[in-house]
Trainee: 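Supplied in structure tokens, the structure appears directly below.
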Amino acid sequence: MPKDYNGSPKHYNQLESKRNRLTWILGVSGLCILSYVMGAWRSTGTPNQSETYSKVDCNVGTNTGSSSSSSSSSTLDFSSHHSIEISTSTGVPEFPACDMLYSEYTPCQDPNRGRKFDRNMMKYRERHCPSKEELLSCLIPAPPKYKTPFKWPQSRDFAWYDNIPHKELSIEKAIQNWIQVEGDRFRFPGGGTMFPRGADAYIDDINELIPLTTGNVRTAIDTGCGVASWGAYLLKRDIVAMSFAPRDTHEAQVQFALERGVPAMIGIMASQRLPYPARAFDMAHCSRCLIPWNQHDGMYLIEVDRVLRPGGYWILSGPPIRWKKYWTGWDRTQEDLKREQDSIEEVAKRICWKKVIEKDDLSIWQKPKNHLECAQLKQTYKTPHVCQSDNPDMAWYQNMEKCITPLPEVSSSSQVAGGELEKWPKRAFTVPPRIASGSIPSITTEKFQKDNEIWRDRMAHYKRITPIAQGRYRNIIDMNAYLGGFAASLIKFPVWVMNVVPSNSAHDTLGAIYERGFIGTYHDWCEAFSTYPRTYDLIHAAGVFGIYQDRCNINVILLEMDRILRPEGTVIFREGVELLTKIKGVTDAMKWKSTIIDHESGPFNPEKILIATKTYWTGEVKESSN
């Protein structure tokens, strides 16, 4: 019988086959081990990006390369794979351009609608929003020759005439130097009714009386702001002012303020509370704002007291201050002006304020740090009484009260009620007293610190996917601000943020945002915002549509976003894939360009980001027939 030997072809082939299989197995195993090691190395130290998704155990480290090469920044397409049941009209509608008559349309402060309401206490100039049947389903057009606004800080002093073609204020306020027309642009000299030398010199005068540059005064409110020159010149002193004025005969004053890159809203002191929390502002200001402080049992001064922080200042210039000098020019009798000032002094005393000083055109009062002495004073002055069962932060469509908002209790007269604040800018990242004291349910110090960490990562991501660090934006609005982390992450950039806390939010965090040194407002996004068209460069919308999808049609919210966004402005949406896909379908119909990209933590996070840009287009003026 033949005997096999090692060199036979049959035996050789068997050995070769075994060696190949062994090499293949070892190679595959090596690659698997190498992939596992590399994956473990890349994910080491990756922070948990979001409390909402803390249970997702597959975060991927953020790629630090350019957006074109980063997997987390690549464009994603979900259009044919997802659907969701949300409140929208059937299919994606078309959105034609509105008539040019609506170019400056302010839905909830429409003068034509307002005339139907009570003129008592100026109620007709409060918010009166259109009914569902009255809502427009068209896109608000920009003026035919609309230009990109000047960049900050040049925008403080200049604006294009074609963007706001109104010369009325330049004529009506010519002597007071509010605004001047110079060729194709407006110039803002910084003047005001009571500061003919300019807002800068006027603020220097205030600084000689109370300290404005020590970091203790950060947030301010300007009632009846005009074109907001006071707020504009406070900014270089690291003070941010919430300026407001009604839409009245002083055409487009708030629109001018926002075009300048200065924080402002349409608003009025009438019968309802200002849409801000209690203890929000370090300083309040009225320069001939024409608010009748001495009327209605001092209710308007009581409202200022509600929103003023303990130890905060109220500054008044104009009638009736220094009436002995100005009474003839004010076309009022000396007796009338004296009576008004005496009445204001009396109200201030009854709400426990102390007069700091009256010098030249300025008079300044200070709210007490706490109410220990005030409690004793109320034994003498029975009115106004201290509010008993009122939520002082509740300010969305709430009537003003003729009672003093109580301050949090203290154990000694030296304590600041509600907690003392750090100086700016340390204040921005220090735990707000409202959170440290546990007065906001379920919002803890740990959650605040975690939110700051989250925003460090988010801002790094935003820098890669938007021109946010390139001076492209000035006016920014955060539609669902939570703890103000977005605004805090932007303090090194020449921008300001309107922090909005939805009025139906599960957590009222707006007071904490103010304690951090930022400004904002309450709002219901089922209604139009209190601003003019084309007033924001960047809109941040994180989780907004998840809040409102069961309350109102998302098309209504998106149309409002289009109204307030400048041509070529940007929107950052953050939602789940299904909802973002639906939003993208609507924004595509609104002439926006958009892409869906991954969350900053990587592709395994179910939350995605939609970056959208409003395209440039303008309306057309119809030629009138002879």
Side-chain angles (χ1 to χ4, degrees), residues 93-115 125 127-130 134-150 155 158-172 179 181 184-186 227-228 245-262 264-267 474-475 477 527-537 539 555-571 587 589-592 613-625:
E94 294 184 1
F95 299 104
C98 301
D99 190 279
M100 274 300 298
L101 292 173
Y102 292 98
S103 181
E104 295 177 354
Y105 182 52
T106 53
C108 295
Q109 285 97 359
D110 178 32
N112 294 326
R113 183 179 298 105
R115 293 189 188 100
R125 284 186 175 150
R127 286 178 58 87
H128 301 291
C129 298
E134 294 176 297
L135 293 174
L136 298 181
S137 57
C138 52
L139 304 176
I140 302 297
K145 298 179 182 179
Y146 183 87
K147 301 180 183 70
T148 301
F150 290 95
S155 66
F158 295 99
W160 296 114
Y161 173 80
D162 287 329
N163 290 8
I164 310 177
H166 292 285
K167 294 183 179 179
E168 296 90 340
L169 282 178
S170 66
I171 299 169
E172 182 181 348
I179 183 173
V181 180
D184 61 353
R185 65 197 65 186
F186 292 107
V227 295
R247 181 164 185 174
D248 58 12
T249 54
H250 293 161
E251 189 65 46
Q253 53 186 332
V254 168
Q255 191 176 13
F256 278 122
L258 288 158
E259 189 74 9
R260 300 175 70 183
V262 180
M265 289 179 64
I266 302 173
R474 171 62 186 171
N475 301 355
I477 187 168
E527 299 179 0
F529 195 67
S530 294
T531 192
Y532 282 83
R534 303 173 298 282
T535 46
Y536 286 94
D537 308 301
I539 300 176
N555 293 356
V556 172
I557 302 176
L558 289 168
L559 280 169
E560 174 61 8
M561 294 170 72
D562 181 85
R563 184 185 74 89
I564 69 176
L565 186 64
R566 297 193 195 280
E568 299 183 318
T570 303
V571 181
T587 59
M590 290 165 47
K591 306 178 185 178
W592 292 11
T613 302
K614 179 179 175 178
T615 57
Y616 178 89
W617 64 275
T618 66
E620 297 180 0
V621 178
K622 295 180 180 179
E623 295 184 3
S624 59
S625 57

Trainee: Could you tell me whether a side-chain N or O of R563 sits under 3.5 Å from a main-chain N or O of Y105, the two making a donor and an acceptor?
Mentor: yes

Trainee: Say whether, by atom type as modelled, one donor and one acceptor occur between the side chain of R113 and the main chain of P107 under 3.5 angstrom.
Mentor: yes

Trainee: Test side-chain contact (heavy atoms from CB on, under 4.5 Å) on R260 and V227 and set out the steps.
Mentor: CA-CA 9 Å; R260 300 175 70 183; V227 295; 3.7 Å; yes

Trainee: Which atoms form the tightest heavy-atom contact between N555 and P93, and what is the distance?
Mentor: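 The pair with the smallest heavy-atom distance is ND2-CG, 3.6 Å.
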
Trainee: side-chain contact (heavy atoms from CB on, under 4.5 Å) with S155: which residues, sequence neighbours excluded?
Mentor: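 For S155, the residues satisfying side-chain contact (heavy atoms from CB on, under 4.5 Å) (neighbours in sequence not counted) are F150, W152.
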
Trainee: Would you say T615 and P567 make side-chain contact, with heavy atoms under 4.5 Å?
Mentor: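 SC-SC contact between T615 and P567 ruled out.
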
Trainee: Report the residues that fulfil side-chain contact (heavy atoms from CB on, under 4.5 Å) with D184, sequence neighbours left out, ordered by chain and then residue number.
Mentor: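 D184: side-chain contact (heavy atoms from CB on, under 4.5 Å) contacts with W160.
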
Trainee: Does E620 CD have over 12 foreign heavy atoms under 6.0 Å away?
Mentor: no

Trainee: Flag the pair F256 / F186 as yes when their ring centroid distance falls below 6.0 Å, and as no otherwise.
Mentor: yes

Trainee: Is there side-chain contact between L559 and L139, with heavy atoms separated by less than 4.5 Å?
Mentor: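 The answer is yes; the side chains approach within 4.5 Å.
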
Trainee: Ignoring hydrogens and geometry, is there a side-chain-to-backbone donor-acceptor pair from T535 to Y532 under 3.5 Å?
Mentor: yes

Trainee: Of the non-hydrogen atoms in A264 and L258, which two are nearest, and what is the gap between them?
Mentor: O-CD2, 3.6 Å

Trainee: Okay, side chain of D537, backbone of R474: is any donor-acceptor separation there less than 3.5 Å?
Mentor: yes

Trainee: Do the side chain of K614 and the main chain of L565 share a donor and acceptor less than 3.5 angstrom apart?
Mentor: yes

Trainee: Would you kindly say whether S530 and Q109 are connected by a side-chain donor-acceptor distance under 3.5 Å?
Mentor: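 Their side chains do contain a donor-acceptor pair, which is all the 3.5 Å distance test asks for.
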
Trainee: Under 3.5 Å, side-chain donor or acceptor atoms of residues 140-147 against the rest of the protein: list the pairs with distances, not counting sequence neighbours.
Mentor:
residue : atom : partner : partner atom : Å
K147    : NZ   : D162    : OD2          : 2.9

Trainee: Give me the atom names and distance for the closest heavy-atom approach of P96 to S137.
Mentor: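 So the two residues come closest at CD-O, 3.9 Å.
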
Trainee: Quick one: closest heavy-atom pair of G619 and M100, and the distance?
Mentor: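 That closest heavy-atom pairing would be CA-SD, 3.6 Å.
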
Trainee: Could you tell me which non-hydrogen atom of M561 sits nearest to which non-hydrogen atom of V571, and how far apart they are?
Mentor: CE-CG1, 3.5 Å

Trainee: So, E104 and H166: side-chain donor and acceptor under 3.5 Å apart, yes or no?
Mentor: yes

Trainee: Using salt bridge (Lys or Arg N to Asp or Glu O under 4.0 Å) as the criterion, point out the one residue from R566, R534, R185 that pairs with E259.
Mentor: R566

Trainee: Looking only at atom types and distance, does a side-chain atom of E560 sit under 3.5 Å from a main-chain N or O of F529, one as donor and one as acceptor?
Mentor: yes

Trainee: Ignoring hydrogens and geometry beyond distance, is a side-chain donor-acceptor pair present between T106 and R247 at under 3.5 Å?
Mentor: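 Yes.
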
Trainee: Short question: side chain of R127, backbone of A528 - any donor-acceptor pair under 3.5 Å?
Mentor: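 Checking the backbone N and O of A528 against the side chain of R127, a donor-acceptor pair under 3.5 Å is found.
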
Trainee: Are P130 and C108 side-chain neighbours, meaning at least one heavy-atom pair lies under 4.5 Å?
Mentor: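 Yes, close enough: below the 4.5 Å cut-off.
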
Trainee: Could you walk me through whether T613 and W592 pass side-chain contact (heavy atoms from CB on, under 4.5 Å), step by step?
Mentor: CA-CA 5 Å; T613 302; W592 292 11; over 6 Å; no

